Protein chains: 2
Amino acid sequence: MSQTVDRALSILPLLAEGPADLGQVADRLGVHKSTALRLLRTLHEHGLVYRQSDQRYRLGARLFALAQEAMENLDIREIAHPHLARLNEQCGHTVHLAVYEENEVLYIDKVESRYPVRMYSRIGKPVAITVAAVAKLLLADLPEPERRALAQQLDYPLYTARSTPHAEAFLKELATVREQGWATDLGGHEESINCVAAPIRGADGRVVAAMSVSAPNVVVTAEELLTLLPLVRRTADAISGEYSGRTPVKDRTE
Amino acid sequence: MSQTVDRALSILPLLAEGPADLGQVADRLGVHKSTALRLLRTLHEHGLVYRQSDQRYRLGARLFALAQEAMENLDIREIAHPHLARLNEQCGHTVHLAVYEENEVLYIDKVESRYPVRMYSRIGKPVAITVAAVAKLLLADLPEPERRALAQQLDYPLYTARSTPHAEAFLKELATVREQGWATDLGGHEESINCVAAPIRGADGRVVAAMSVSAPNVVVTAEELLTLLPLVRRTADAISGEYSGRTPVKDRTE
DNA sequence: TCAGGCGTTGCATATTGTGCAACAGCCATT
DNA sequence: AATGGCTGTTGCACAATATGCAACGCCTGA
């Protein structure tokens, strides 16, 4: 691995916390100012870093554009979206789409009816992996050794009294989820919020994404929410069908 | 500027176009495979790049997380958002917030009432800079030489018959906008869509952001939309006041 | 079974990044 | 106004670091 690039990339999360000046960056990187300067310049040329009027550095615009483009190229998301929207119209609740990547689960789409605002607020953010219904589905499908290894290395924060407490409980829950083909989160993340989720599978049967419907129990009780399960599963299956129907490997030079 | 970092960062836009394997990356960078490998590995360790099951590389999850965090730390956005939402409630149309950065104008927030879906679709994407009402406001406030230089180097695509045709017309328009303190886009980007926009100013009077209301003329005519101008300007002024510190800090209880 | 393609590794070379020290510009202090 | 300190910037000599090569291992398809 490359030291220079490593240092340069370490600047990004650092700036994500907030603007910083040259000296601060150099200090936190543990390098000379002049070195930090050259790294920042290179990042700047690529638009990943922006120099605001007070001379401090911020994350730049191209970062958004890149994240943007990357998202639009996710074909699962594109295929799934109309289905999610339709489901949202039918039940009125928040609908999520999530994928697993590199020991994390993240939302890649969200349709929310009540508060159209702040929609992007959680897209791209890692999910509470030990409790979220979609996370259970995605992890349950991992190869057994990988699943076990991951479960061991995770933290198990007690968001609520119903949060998954430790690795054993989690693995047991994953086994159940794997068998039944759907998952729930009943107040495991936030006391008053319940979710039901279903898996989306590729042509080979492996889980490529998961979707969920969430609602606070002041609106519907957990039992009422569970009555939506068949609808959620049908939607997920429809997406699976469409996703696996298309040619799985799309090389433009074919 | 650092060559190694430069090469590594060049990989990102390349992958934004779509997944690529090691050979493709090496070719397009003009370096040896082993070099590309080490760069990709470093990017991978930082989560900017993800290796999917077919071994090809994609842009990774941390990119979203970074873009996310960077956004949330934009204080203008945070201050402006409740105002935008309120304006949206009052008039029902789409409301945008945009900033200028590095020869580009980009939307950093958007509130849309009719179709809550696909809200993020344009946030972060560069704006049609020669016609958008918000762009006119932001560019009109640049120092004269910079404004002129930028106007010359821009392309002037003819989206519609009413698009700004060339640099001279653009500079003239900017002068007008600068004087009157507001801007419009009447079908200059999409035939049927009109916008009115107003500037948001910092404590020193410089334009730090711009906001607009957009509506298709099947809903309201251009004249009707213009009647909203006072409301838009009041909203922008309210944000300016709060941003520059004149108005006491935001109270969330309204 | 073999051939071809792709990803991966260790290594010698010199290209590339590094830290130093000196310089320049800015603001606040006297 | 003049001074001192702070921050960003530049040129340079040195060596640490990235690079390309060639060889290897692995998988796929013939």
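These numbers were taken from a predicted model, which means no experiment stands behind them. Hydrogens, waters and symmetry mates play no part in the numbers below; they use all other heavy atoms, side chains included.
Nearest approach of B:Asp21 to B:Arg56, heavy atoms of both residues: CB-CG, 4.0 Å. Shown here for B:Leu48 and B:Leu63, the closest heavy-atom pair between the two residues is CD2-CD1, 3.7 Å. The minimum heavy-atom distance between B:Thr130 and B:Phe170, with the atom names listed, is O-CE1, 3.4 Å. Minimum interatomic distance between B:Val208 and B:Val99 (heavy atoms only, all atoms of both residues): O-CG1, 3.7 Å.
Between A:His96 and A:Tyr107, the ring-plane angle classifies as parallel under the 30° and 60° cut-offs.
What separates CG of B:Asp21 from P of D:dT28 is a distance of 15 Å, to the nearest Å. For the pair B:Gln24 CD and C:dG5 C1', the computed distance is 13 Å after rounding to whole Å. Counting to the nearest Å, the P atom of D:dA18 and the CD1 atom of B:Ile11 are 14 Å from each other. For the pair A:Met1 CE and C:dT9 C1', the interatomic distance rounds to 15 Å; values are reported in whole Å. Straight-line distance from the CG atom of B:Asp6 to the C1' atom of D:dT17: 17 Å, rounded to whole Å. B:Gln3 places its CD atom 7 Å from the P atom of D:dT19, with the value rounded to the nearest Å. Rounding to whole angstrom units, CZ of residue A:Arg7 and C1' of C:dG17 are separated by 9 Å.
Both A:Gln55 and A:Thr4 lie close to DNA chain D; mapped to their nearest nucleotides by heavy-atom distance, the more 5′-ward contact belongs to A:Gln55.
For the OP1/OP2 pair of D:dT7 and a distance below 4.0 Å, the side-chain nitrogens and oxygens of A:Arg56 include no atom meeting the criterion. In terms of phosphate contacts, B:Arg51 brings a side-chain nitrogen or oxygen within less than 4.0 Å of OP1 or OP2 of C:dT8.
The CD1 atom of B:Ile11 sits 5.0 Å away from atom CG of B:Leu29, with the distance rounded to the nearest 0.5 Å.
Residues from residues 25-38 of chain B placing a heavy atom under 4.0 Å of any atom in DNA chain D, listed by number, are B:Val31, B:His32, B:Ser34, B:Thr35, B:Arg38.
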List the steps and the verdict of salt bridge (charged side-chain N to carboxylate O under 4.0 Å, His left out) for A:Lys172 and A:Glu168. CA-CA 6 Å; A:Lys172 197 168 169 192; A:Glu168 297 95 281; over 6 Å; no

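Backbone-only engagement by A:Arg41 is indicated by non-hydrogen atom pairs under 4.0 Å involving sugar-phosphate atoms exclusively.
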